[in-house]
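Per chain, numbering begins at 1; letters A, B, ... match sequence-line order.
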Amino acid sequence: MNTLMIDGKYIEVPEGTTILEAARRAGIYIPTLCDDPRLEPYGACRLCLVQVKGMPRPVTSCTTPATDGMEVQTSNEQIERIRKTIVELLLSDHPNDCMVCEKAGDCTLQELAYFYNLRENRFWGERRQYTRKDANPFIERDMEKCVLCGKCVRVCEEVQGVAAIDIAYRGFQAKVCPPFERDLDCEFCGQCVSVCPTGALIGKQSLGKGRQKDIKRVDTVCPYCGCGCNITLHVSRNEVIRVTSEPDTLNEGWLCVKGRFGFRFVNSPDRLKTPLIRRNGRFEEATWTEALGYIASNLKRIKKQYGADAIAGLSSARCTNEENYLFQKFMRAVIGTNNVDHCARY
Amino acid sequence: MGREVEIKICMGTGGLAAGGRAVMNAFAEGLKAEGIDAKVSENCSIHQVGCRGFCARDVLVDVIIDGKRTTYQYIKPEMVEQIIKNHIIGGEVVQDWTVKEDYQAFHDKQVKVVLADCGEVDPEDIDSYISRRGYEALQKVFREMTPEKVINTIEASGLRGRGGAGFPTGVKWDFARRNPGDVKYIICNADEGDPGAFMDRSVIEGNPHSVIEGMIIGAYAIGAHHGYVYIRAEYPLAVERLKIALEQARQRGFLGRDILGSGFDFDIKIKLGAGAFVCGEETALIASIEGKRGMPRPKPPFPAQKGLWGKPTVINNVETLANVPAIIRNGALWFAKFGTEKSKGTKVFALTGKVNNTGLIEVPMGISLREIIYDIGGGIEGGRKLKAVQTGGPSGGCIPAEYIDISVDYESLARMGSIVGSGGMVVMDETDCMVNIAKYFLEFTQAESCGKCVPCRIGTKRLLEILSRITDGRGRPGDIDLLVTLSEDVKAGSLCGLGQTAPNPVLSTIKYFRDEYEAHIHEKRCPAGVCKNLLTYTIIEEFCKGCTMCARVCPAGAIVGEKKQPHHIVQEICIKCGACFETCKFKAIKKG
Ligand SMILES: Cc1cc2nc3c(=O)[nH]c(=O)nc-3n(C[C@H](O)[C@H](O)[C@H](O)COP(=O)(O)O)c2cc1C
Ligand code: SF4
Ligand code: SF4
Ligand code: SF4
Ligand code: SF4
Ligand code: FES
Ligand code: FES
C-alpha cells in the first residue's frame with residue numbers, strides 16, 4: 001500500500017493505482033475526457049493535469065502511478081488556466097450545436113463548457129468539416145464532434161479485439177476512421193458508442209427518439225444468451241429507444257451487437273406476448289397456466305402410450321447454465337429419457 | 001616509380017548531387033587511358049568518401065601524393081583530365097581549382113570527434129574503417145572491460161545525448177542495465193526529422209561503422225542482444241550504406257553469434273520510418289517499430305523500464321553512439337577535455353541561413369556563437385548585419401545578435417530560451433522577419449503534430465493562425481498576449497516533447513523582437529520587408545526617368561505611365577512580387 005496526500009488529504013491506495021483513481025476514491029473531482037479505468041492509460045486530453053511536488057511540470061493524473069509519500073495538488077492557477085484553454089480549444093473546433101445534438105445533457109464536453117462557463121472563446125479559426133456520411137447500418141459517426149479522446153479506438157482493440165478503426169492523418173487533420181475511410185464494416189458491438197464522451201458516435205436507431213432527460217431507465221438482463229449481461233433499457237414514450245450497460249455490472253458495461261442494438265423486437269407488432277395453443281388447426285392465445293397444463297398432460301399421455309424414449313427435448317442457448325441443467329434433469333429424471341440436446345450443437 | 005597516389009572523392013549526398021559519381025568515373029577512365037600504372041605508380045587508388053561538411057564546394061576531391069594532400073573544389077568531370085595530366089603525372093598542382101584560405105578557415109576552429117573519419121574513410125569498405133582504428137574500441141571492450149566498466153567510462157566522459165534532451169548517456173545505460181529482464185533492446189534513433197538537419201544522415205553516409213561499433217558497445221553494456229536502427233526512408237543513400245556496413249560487420253564477426261569469441265551475441269535490424277517528425281520521439285518511435293501508429297505515450301514508464309515490446313530499451317541518437325568508440329579508445333578523460341563543465345565533448349551542427357559558409361560543422365561545446373558565425377561561417381552574406389541565430393530547429397528559439405558571445409552548450413542555450421537540440425543552426429540577418437520565422441517553424445510543428453493531445457493538436461493550429469493573420473496584416477491588438485498565454489499553456493500542457501517545445505520559436509521571438517510584432521499589428525508594417533501583404537511598392541517621382549522597364553516586367557500590369565514621364569503603381573492591382581523593385585536602375589522604387 002502507498003500513502004499519498006492529495007489536496008491535503010491522506011489516502012492509502014494499493015500499488016499500481018493512478019493518482020486519478022486515488023483522488024476519485026477520496027471523493028476529489030478531477031476533470032477528464034479521455035480516461036476510462038477499463039482501458040489502458042492514454043493521456044491525450046490533458047484535462048486531468050495535477051501538480052506533484054518536486055516535479056518540474058504538471059503531470060496527467062490518469063497515467064501517473066501514485067507513489068508513497070507523493071504530494072499532489074489537483075488544482076492551482078496554472079492548471080485551471082490550462083484546463084480552460086483546453087476546453088476553449090476543443091470548442092473552437094467543434095460544431096457547438098448542442099441545441100439539436102443527440103448527446104446534449106449527457107455530453108462530457110458540454111459539461112466542461114458549462115463548468116468553465118465558456119460563453120466566449122478566445123480562440124477561433126478553421127474548423128474540421130466532414131460532409132461524407134458513413135453508410136453503415138448501426139452507428140452514426142459525426143467526426144466533427146470527435147475530440148480524439150481515442151476511447152473508441154482503444155475499446156475496439158483492447159476489449160473487442162477487432163481494431164476496426166484507428167486514427168489517420170496528422171495534427172489538426174487527425175481523424176478516427178476505418179481503413180481508407182471506407183464505411184464502417186465491423187462487428188457493430190457498439191462498444192465505441194458506449195464510451196464516446198461526445199455526440200460523435202450515436203446508435204442510428206436512437207436518432208431523434210429522445211435525449212437523456214426525457215427517458216425512463218429500466219435495469220434488466222439481456223435476453224439473448226446465457227451470459228446474462230446487465231442492460232439498461234432507455235424508454236421514451238413507452239418505447240425502448242436505446243440500450244446501455246453500466247460499468248459497475250458483471251459485464252463491466254460491455255455488450256455485443258445483439259444486446260446493444262437488437263432491441264427493436266420489443267416494440268414489434270408481431271411479437272408474441274402470450275403462449276399460443278393450436279386448436280382446430282389454428283393458433284389461439286392462451287394463459288401460462290393453460291399452456292403448461294396442456295404440455296404436462298400431453299407429455300404424460302405420450303410417455304404412457306409410447307414410452308419415455310418417444311419424447312425428446314431441445315434446449316436453447318438463450319437459457320442460463322442453471323436452466324439448461326434443470327432442463328436435462330427434468331428430461332432424465334422426470335420424463336426418463338436421455339433424448340436431450342441443445343441448439344448450440346447445430 | 002614507388003609513389004603512392006590516393007584520390008578521395010566526396011560522395012556524400014552533396015557530392016553525389018554535384019556529380020560525384022561522374023567525377024569518379026572520369027578519374028577511373030582518365031587514369032586508365034593515361035596508363036597510370038606504368039607512368040606514375042602501381043599504387044594508385046580512387047576512393048569514395050562521405051561528407052566533410054562543406055557541401056557547397058562539392059564536388060570536393062583530395063589528391064594525396066605520398067601523403068601530401070591537395071584539395072580541389074567545384075570539380076566537374078571535364079576538369080579531371082587536366083588534374084591528371086598536370087598534377088598526378090606532371091606534379092604541378094592546378095592552383096586555380098584548389099581550395100583557398102576560406103576553406104581552411106572553415107575547418108580551423110572545428111574539432112572533429114564524430115566526423116573525424118567522415119570524408120576520410122570509404123563508407124562502403126570496412127577495411128578502410130579498420131585501417132583508421134575502427135573496431136579497436138570493441139576489441140578493447142571484450143578484452144578488458146566489464147559492462148559496468150563501459151558504463152562507468154561513458155559516465156565519466158560526461159557524454160550527453162545528442163538527440164535533443166541532453167540526457168547523460170551513461171546514466172541511461174545504467175538504468176537499462178539494472179532493469180531486470182533477459183530480453184533488452186538498443187535502438188539507434190536516425191529519424192532526424194528537423195527541417196534543415198543533416199547531421200545524422202552525414203554520419204551514417206560517411207562512416208556507418210562508427211555508429212554500428214557504438215551500438216555493439218552499448219548493447220554489451222546494457223545486456224541487449226537485439227538492436228534496431230530506426231532510419232527514415234527518405235535517406236536512401238544512408239540506408240544503403242548502412243545495409244552494406246551491417247553485412248560486412250557480420251562477415252567479419254563483429255555482429256552475430258559469439259562476437260569475436262566473447263560469447264556475446266548481438267545483431268542489428270534496420271527499420272525504415274515513413275518520415276514523420278514525431279516518430280523521432282522515443283515512445284512514438286517504439287510504437288512505430290511495433291507496427292502501431294507513431295504516437296507518443298506518457299512516461300513513466302520510461303523506455304529503459306518498458307520499451308520496445310515492453311522490454312527495457314535504450315534509445316540513443318546516431319551522433320551519441322558515434323562518440324562511443326572514440327571515448328572507449330581514447331579514454332573518458334580525453335573526451336572530457338573538450339567542452340564546458342557540464343557539456344562535454346563536441347557537437348555537430350548544420351550551419352545554414354545567411355552565413356557565407358554553410359555546411360556541416362563539428363565544434364567543441366562552449367565555443368561562442370561569434371566564432372561559429374564569423375570564423376567558421378565566414379560572416380554574414382553580403383556583409384549585412386546579423387540579427388539572430390535560431391538553434392534547435394522547431395523546438396528551439398532565436399538568440400538575438402547582442403548575445404552572440406554566449407557559449408554554445410546545453411545550459412547556456414536553455415537560459416536563452418533556446419536549446420542545443422539535435423543541431424540545427426540557422427543564421428538570420430536584417431532581411432529576415434522574425435514573425436515570419438516563428439510562423440515558418442509553427443507551420444512545420446503544426447503539420448507534424450501527431451494529433452493525440454489537445455494543446456498540441458489544436459493549440460499549435462491556433463498559434464499558426466494567429467501568426468498568419470499578423471503577417472497578413474490582420475493582426476489585432478491583444479494578439480501578442482494571446483500568443484504568449486496560449487504558448488505557455490501548450491508548453492506546459494502537451495504530452496510529448498513536440499508540443500512542449502513547439503511554442504519556443506514564438507516565445508523567443510516575442511521576447512527579443514516584440515517591436516517587430518507590434519509594427520506588424522499596429523502599424524501594418526513589416527520592418528524587414530518580408531511579409532508581402534504589409535509591403536507597398538511606390539515610385540518616387542523625382543527619381544523616375546520614365547524608362548518603362550518596370551511597367552514591362554510587372555506581371556500584373558499594375559504600372560502605368562507615359563514614356564519619359566514618372567510612372568505610377570496602381571496599388572489595387574499590384575501583387576507585391578517585387579519585380580519592379582529589382583529592375584529599376586534608378587532606385588526610383590521604394591519598398592516599405
Ligand atoms: C518530436 C521529437 C522528435 C525527435 N526527433 C529525434 C530525432 O530525429 N533523432 C533523435 O536522435 N532524437 C530525436 N528526439 C529525441 C528522442 O526522443 C530521444 O530523446 C533521443 O533519441 C535519445 O537519444 P540520446 O539520449 O542519445 O539523445 C526527438 C524528440 C521529440 C520530442
Ligand atoms: S457533442 Fe456535446 S458539445 Fe458537441 S454539440 Fe453535442 S452535446 Fe454539444
Ligand atoms: S462497433 Fe465494435 S467492432 Fe465496430 S468499431 Fe465499434 S467497437 Fe469496433
Ligand atoms: S469518436 Fe468519440 S470515442 Fe472516438 S475518439 Fe472521437 S470522441 Fe473519442
Ligand atoms: S504533443 Fe503533439 S506530437 Fe506530442 S503527443 Fe501531443 S499531439 Fe502528439
Ligand atoms: S483524462 Fe488524463 S489525459 Fe485525458
Ligand atoms: S557531401 Fe560533399 S562535403 Fe558534404
Side-chain angles (χ1 to χ4, degrees), chain A residues 18 33-34 40-49 51 56-65 67 78-94 109 121-128 146-150 153 157 163 166-176, chain B residues 274-279 283-284 291-301 305 442-469 476 478-479 481-483 485-496 498-500 502:
Chain A
T18 62
L33 196 52
C34 70
E40 291 291 320
Y42 192 60
C45 75
R46 321 300 293 167
L47 281 169
C48 70
L49 288 175
Q51 187 63 51
R57 50 166 50 240
V59 298
T60 41
S61 56
C62 68
T63 63
T64 311
T67 54
Q78 184 198 22
I79 289 172
E80 288 309 321
R81 205 186 72 186
I82 297 174
R83 286 181 184 155
K84 183 164 168 281
T85 297
I86 289 171
V87 183
E88 280 182 270
L89 286 172
L90 284 170
L91 294 176
S92 75
D93 180 31
H94 195 82
L109 182 60
N121 195 331
R122 288 169 297 161
F123 310 113
W124 47 274
E126 191 187 335
R127 190 163 75 65
R128 291 165 298 162
C146 170
V147 293
L148 273 302
C149 70
V153 174
E157 184 180 339
D166 204 340
I167 299 171
Y169 311 111
R170 290 180 205 170
F172 191 71
Q173 303 305 329
K175 179 183 186 186
V176 175
Chain B
F277 175 56
V278 73
C279 283
T283 58
K292 299 185 188 132
R293 176 176 164 89
M295 282 201 302
R297 60 155 178 78
K299 296 178 273 194
Q305 305 164 296
L442 256 292
E443 269 167 5
F444 177 81
T445 32
Q446 189 273 139
E448 292 295 330
S449 155
C450 80
K452 178 169 176 175
C453 69
V454 181
C456 174
R457 178 179 78 243
I458 312 179
T460 58
K461 174 79 178 174
R462 298 293 174 246
L463 283 175
L464 174 61
E465 285 168 342
I466 299 169
L467 290 168
S468 302
R469 71 180 183 237
R476 309 161 155 203
D479 272 354
D481 292 336
L482 192 59
L483 281 174
T485 37
L486 179 54
S487 291
E488 278 165 2
D489 290 347
V490 171
K491 264 175 83 100
S494 291
L495 193 166
C496 86
L498 193 154
Q500 287 165 7

Inset, instruction - Below 4.5 Å from any heavy atom of chain B, which atoms of P65(A) appear? Answer side chain, backbone, both or neither. - result: side chain
Legend entry - From K84(A) atom NZ to D489(B) atom CG, the distance as rounded to the nearest 0.5 Å: 9.5 Å
Inset, instruction - Starting at OG of S494(B), measure out to CD1 of I86(A) and round the result to the nearest 0.5 Å. - result: 8.5 Å
Inset, instruction - Calculate, to the nearest 0.5 Å, the distance between atoms OG1 and NZ belonging to T63(A) and K299(B) respectively. - result: 12.0 Å
Inset, instruction - Check step by step if side chain to side chain contact (heavy atoms under 4.5 Å, CB included) holds for L486(B) and L89(A). - result: CA-CA 10 Å; L486(B) 179 54; L89(A) 286 172; 4.2 Å; yes
Legend entry - Heavy-atom contact with chain B under 4.5 Å, split by part of E88(A): neither
Legend entry - Heavy-atom neighbours of Q305(B) CD exceed 12 at 6.0 Å: yes
Inset, instruction - Report yes if some heavy atom in the side chain of K491(B) is under 4.5 Å from a heavy atom in the side chain of I82(A); otherwise report no. - result: no
Legend entry - chain A contact via E465(B) - side chain, backbone, both or neither, heavy atoms under 4.5 Å: side chain
Legend entry - Heavy-atom closest pair, residues P298(B) and G43(A): CG-CA, 4.2 Å
Inset, instruction - Considering non-hydrogen atoms only, spot the tightest contact between M295(B) and Y42(A) and give its length. - result: CE-OH, 3.5 Å
Legend entry - Atom pair CG/CZ of D481(B) and R122(A) - distance to nearest 0.5 Å: 11.0 Å
Legend entry - F123(A) six-ring face occupied by K461(B) cation (under 6.0 Å, within 45°): no
Legend entry - Contacts of type side chain to side chain contact (heavy atoms under 4.5 Å, CB included), residue R170(A), not counting sequence neighbours: A276(B), E448(B)
Legend entry - Atom pair OG1 (T85(A)) and CZ (R462(B)), whose distance is rounded to the nearest 0.5 Å: 13.0 Å
Inset, instruction - Using side chain to side chain contact (heavy atoms under 4.5 Å, CB included) as the criterion, list what pairs up with R57(A), not counting sequence neighbours. - result: Q500(B)
Inset, instruction - Below 4.5 Å from any heavy atom of chain A, which atoms of L495(B) appear? Answer side chain, backbone, both or neither. - result: both
Inset, instruction - Give, as side chain, backbone, both or neither, the part of A447(B) having an atom under 4.5 angstrom from any heavy atom of chain A. - result: backbone
Legend entry - Under 4.5 Å from a heavy atom of chain B, the part of L49(A) involved: side chain
Inset, instruction - Answer yes or no: is there a donor N or O on one side and an acceptor on the other, between the side chain of R293(B) and the main chain of D166(A), under 3.5 Å? - result: no
Legend entry - Contact winner vs chain B - C149(A), G125(A), A174(A), C34(A), heavy-atom pairs under 4.5 Å: G125(A)
Inset, instruction - Indicate the atoms forming the closest heavy-atom contact of R46(A) with G493(B), along with that distance. - result: NE-O, 2.7 Å
Legend entry - Contact class of Y169(A) relative to chain B, heavy atoms under 4.5 angstrom: backbone
Legend entry - side chain to side chain contact (heavy atoms under 4.5 Å, CB included) between V454(B) and V147(A), intermediate numbers included: CA-CA 8 Å; V454(B) 181; V147(A) 293; over 6 Å; no
Inset, instruction - State the NZ-CD1 distance between K292(B) and I167(A), to the nearest 0.5 angstrom. - result: 13.5 Å
